[in-house]
Amino acid sequence: MVCPLPCASLCMLSSFNIEQRHGSHISSKPISESPKTELFHKFNSPFELKQVHTLVIKTGMPISDLPLSRVASVCSLTPSFPYAQQIFQQVDQPETFIWNSCLRDFAESDSPFDAILLFYQMRRYNVLPDSFTCSFVLKACVRLQYLFHGRIIHAFVEKLGLQLNLVLLNVIVHLYASCGRINDAILLFDKMPQRDVVTWNTMITQLVKMGDIDSAYKMFVQMPDRNLRSWTAMIAGFVQCGKPKEAIALFTKMEEVGLKLNEVTVVAVLAACADVGALHLGRRIHDYSDKRGFTRNIHISNTLIDMYIKCGCLKAACDVFKNMKERTIVSWSAMIQGLAIHGKAKEALELFSEMICTGMKPNGVTFLGLLNACSHMGLINEGRSFFASMTKDYGIIPCIEHYGCMVDLLSRAGLLEEAHELIEQMPIKPNAAVWGALLGGCKVHKNIEMAEIAMRHLHELDPLNDGYYVVLSNIYSEAKKWEDAAKVRKMMRNRGLKKTIGWSSVTIGGTVHEFVAGDETHPQSKDIFKMWNHLLVYMRLKGYVPNTSVVLLDIEEEEKEKILFRHSEKLALVFGLINTPPGETIRICKNLRVCEDCHASFKLISSIVKREIVVRDRNRFHCFKDGYCSCKDYW
DNA sequence: CTAGGGTTAG
């Protein structure tokens, strides 16, 4: 925002022989013809203003020729600078313009409220506001979310006869919508005599912010013209509403229309790639960003890190991170979290130390990554000490997510009592995620009593989430308490809940293939089972015994095996093995957590076929290689 | 050369 080169202005000033500063004068040609346009926009500080003012006096130029917006800027930059104010007072025309310039700077400053104060002062001085006045004050209202003052300005706009000014109406629509008055915004939108692309784009983004993606998309389809911002807003909207597939589909359409991405679009599309694990597209966008020099943009690098991490390419994420000339806390936190979900707790902790050494201050998200790292590797003491340190050393108050991580850490490690105590004494009301973490630990450590305690709370806090019932029912089944398990399932039925069907996807040459558990309808189904049976021979030789205890149904062993062998991640893996060249890494995404039997199988298969298998599950990554998993079986 | 709309880590 602070632009023009004091250096150049000083050079020009020196040609008038006013004040010379440390010989920084490049011998310049006199600018006697048109000093006004050449020179007058080029001061940013009281010092430079003084120089220009001297020039004005020396050349006998009327003071009103000074660019008053800049004078006002200097005035507002340094409110205590009386010199600029003096100049200000010598000029009586055009008054509104001067006020507006000041309003603009205030509206964009750290205290937009000053713009509102100045506006009321302006009224007291009987200076007539114009459309620019309104736009600046409205901008301040939007930034402050001041609906009250905004409505006053809206009334003002009408009173001044500006009700047809499209720019103003667009800001007002933005104001109402962003203050949560979407209905007022729609009312105004509907009665506007004309709308332009900005009006539509504003509505789309604000509807997205309200979570109403359907209405947003309706508008997107309906609008007469779409520009790059419209597409970007809609793509980002899909991402924000948890519909990354739709985002990518829309991006494909955008390319078909022939539009090129800019930096903001790149960020949105990369975020979508991260969410669905679309490595292929992500890489393509990375190449494109490199070509266009976008990678210097911190936002883009940060999003690239996240994309690579969520696509299971830790190495690529590290490369991006290392190549960054500047990093923000987002870059560090993303990288720490990335190492955490890849089971590299030690590296995550080391990176944190490195970060502290550079003087970067951690925030709450950074600690979530650290706690996650500890939790995934069972580093209980480290986790406890980070949890204490975040408040003690960095003044960060833990929020509900941090408690969730701690409960997860403790209960995963089997310290269920301690986890329960932590929940009981936490200063915030525990939410479903917190109790859910405890329930998860109860499953691992087969603690029925504690599971029932957790469930009582979950019942109340998140009664429509099928996942918790499924876990509890599984805990009962594992303990062969079939009746209790059946009771839970009945409870689910009564509430109209269905168990979320497990699916896994595998990407081959940029195409995503999805498999649901038990799927036998795939065109290559025969080949898949043939290949599986083939693998099974080798697996058994290595000591594989199907872990049918994960099939929590009271049925025959043989039936259990059949179900087990049709788990979605197995189908996806075998399909991937058939359809990719030897040695190529297989990448699988699963919507739920990996099953224990699949985990054991994948370890064996990775060594049998000599391939890396990367599985992204609901919580983390498992990288299978040479018979081992990166999670070291702690998950 | 006084105005409005799109972006990242959990």
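In what follows, every chain begins at residue 1, and chains take the letters A, B, ... in the order their sequences are listed.
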- Message: Would you say A:Lys310 places a side-chain N or O within less than 4.0 Å of OP1 or OP2 belonging to B:dG10?
- Response: yes
- Task: Could you tell me whether the phosphate oxygens of B:dG6, OP1 or OP2, come under 4.0 Å of any side-chain nitrogen or oxygen in A:Gln240?
- Result: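 Checking A:Gln240 against B:dG6: no side-chain N or O falls below 4.0 Å of OP1 or OP2.
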- Task: Take the protein atom CG of A:Asp275 and the nucleotide atom C1' of B:dG10, then report the distance between them rounded to whole Å.
- Result: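 Those two atoms, CG and C1', are 12 Å apart.
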Categorize [X] for me: base, sugar-phosphate, or nothing, with a 4.0 angstrom heavy-atom threshold over every strand shown.
X        : answer
A:Thr265 : base
A:Val171 : sugar-phosphate
A:His299 : base
A:Asn262 : base
A:Ser301 : nothing
A:Val197 : base
A:Ala236 : sugar-phosphate

- Query: So which nucleotide from B:dT2, B:dG6, B:dA9 ends up closest to the side chain of A:Phe136?
  - Reply: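 Selected nucleotide (nearest to the side chain): B:dT2.
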- Message: Heavy atoms from C-beta onward define the side chain here; which of B:dA9, B:dG10, B:dT7 lies closest to that of A:Ser333?
- Response: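 Among B:dA9, B:dG10, B:dT7, the one nearest the side chain of A:Ser333 is B:dA9.
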Ion pair present between [X] and [Y], side-chain N to carboxylate O less than 4.0 angstrom?
X        : Y        : answer
A:Arg296 : A:Glu263 : no
A:Asp306 : A:Lys310 : yes
A:Arg195 : A:Asp225 : no

- Kindly say whether, by distance alone, the side chain of A:Asn100 makes a donor-acceptor pair under 3.5 Å with the base of B:dA3?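 Side chain to base: no pair below 3.5 Å.
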- Message: Quick check: any donor-acceptor pair below 3.5 Å linking the side-chain of A:Asn227 to the base of B:dG5?
- Response: yes
- Scan A:Phe189, A:Phe220, A:Trp231 and name whichever one has a ring-ring contact (aromatic ring centres under 6.0 Å, His included) with A:Trp200. A:Phe189
- Between A:Thr133 (side chain) and A:Asp130 (backbone), is there a donor-acceptor pair under 3.5 Å? yes
